Amino acid sequence: MDVPLTSKEVITQIQQLQNEGNSLRKKEIKKLYPDLMRSALYYYPSWQQAIEESNVS
């Protein structure tokens, strides 16, 4: 499977989207940032888990 981002890049992008006030709804991310979603689901069991991990970092 082609994974465009590292796990660290996934967390960084999620944090950046949060800081800019963007929606983190799964449907919107999947549509607007497909590489981010694909990579997040490769490294984490769910999109929600990736968001939680980004809040811990």
Side-chain angles (χ1 to χ4, degrees):
M1 179 179 185
D2 180 33
V3 183
L5 304 171
T6 67
S7 60
K8 184 162 178 54
E9 289 171 325
V10 167
I11 296 303
T12 301
Q13 282 200 17
I14 292 172
Q15 289 171 336
Q16 188 175 358
L17 289 169
Q18 278 180 317
N19 292 339
E20 293 171 357
N22 292 305
S23 171
L24 293 179
R25 287 182 38 224
K26 187 175 182 178
K27 256 186 171 176
E28 290 183 36
I29 297 299
K30 198 172 188 176
K31 181 178 173 186
L32 298 173
Y33 307 98
D35 286 346
L36 174 57
M37 181 60 71
R38 190 172 331 119
S39 298
L41 294 178
Y42 178 81
Y43 294 111
Y44 303 98
S46 68
W47 175 244
Q48 187 59 41
Q49 182 73 33
I51 292 172
E52 289 169 13
E53 287 293 320
S54 74
N55 291 330
V56 172
S57 300

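Positions are given from 1, in the same order as the sequence printed here. Model, not experiment: these values are computed from the prediction.
- Listed by chain and number, the residues in a side-chain contact (heavy atoms from CB on, under 4.5 Å) with Lys8 are Thr6, Thr12 (sequence neighbours excluded).
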Steps toward side chain to side chain contact (heavy atoms under 4.5 Å, CB included) verdict (Tyr43, Val3)
CA-CA 9 Å; Tyr43 294 111; Val3 183; 3.7 Å; yes

Residues Asn22, Leu32; criterion side chain to side chain contact (heavy atoms under 4.5 Å, CB included); working and verdict
CA-CA 11 Å; Asn22 292 305; Leu32 298 173; over 6 Å; no

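- Note that the CG atom of Leu24 and the OH atom of Tyr33 stand 9.5 Å from one another [nearest 0.5 Å].
- For Lys30, the side-chain contact (heavy atoms from CB on, under 4.5 Å) partners two or more places apart in sequence, or in a different chain, are Met37.
- Residues forming a side-chain contact (heavy atoms from CB on, under 4.5 Å) with Tyr44 (at least two apart in sequence, or on another chain): Ser7, Val10, Ile11, Gln49, Ala50, Glu53.
- Residues Leu36 and Trp47 have side chains in contact (heavy-atom distance under 4.5 Å, counting atoms from C-beta outward).
- Counting only residues at least two apart or in different chains, salt bridge (charged side-chain N to carboxylate O under 4.0 Å, His left out) contacts with residues 16-28 comprise Arg25-Glu28.
- Considering CD of Gln18 and CD1 of Ile51, their distance stands at 7.0 Å, rounded to 0.5 Å.
- Pro4 and Glu9 get closest at one heavy-atom pair: O-OE1, 4.2 Å.
- Remark: Pro34 pairs with Arg38 by the side-chain contact (heavy atoms from CB on, under 4.5 Å) rule, at least two apart or across chains.
- Contact between Ser23 and Ile29 at its shortest, heavy atoms only, is O-CD1, 3.5 Å.
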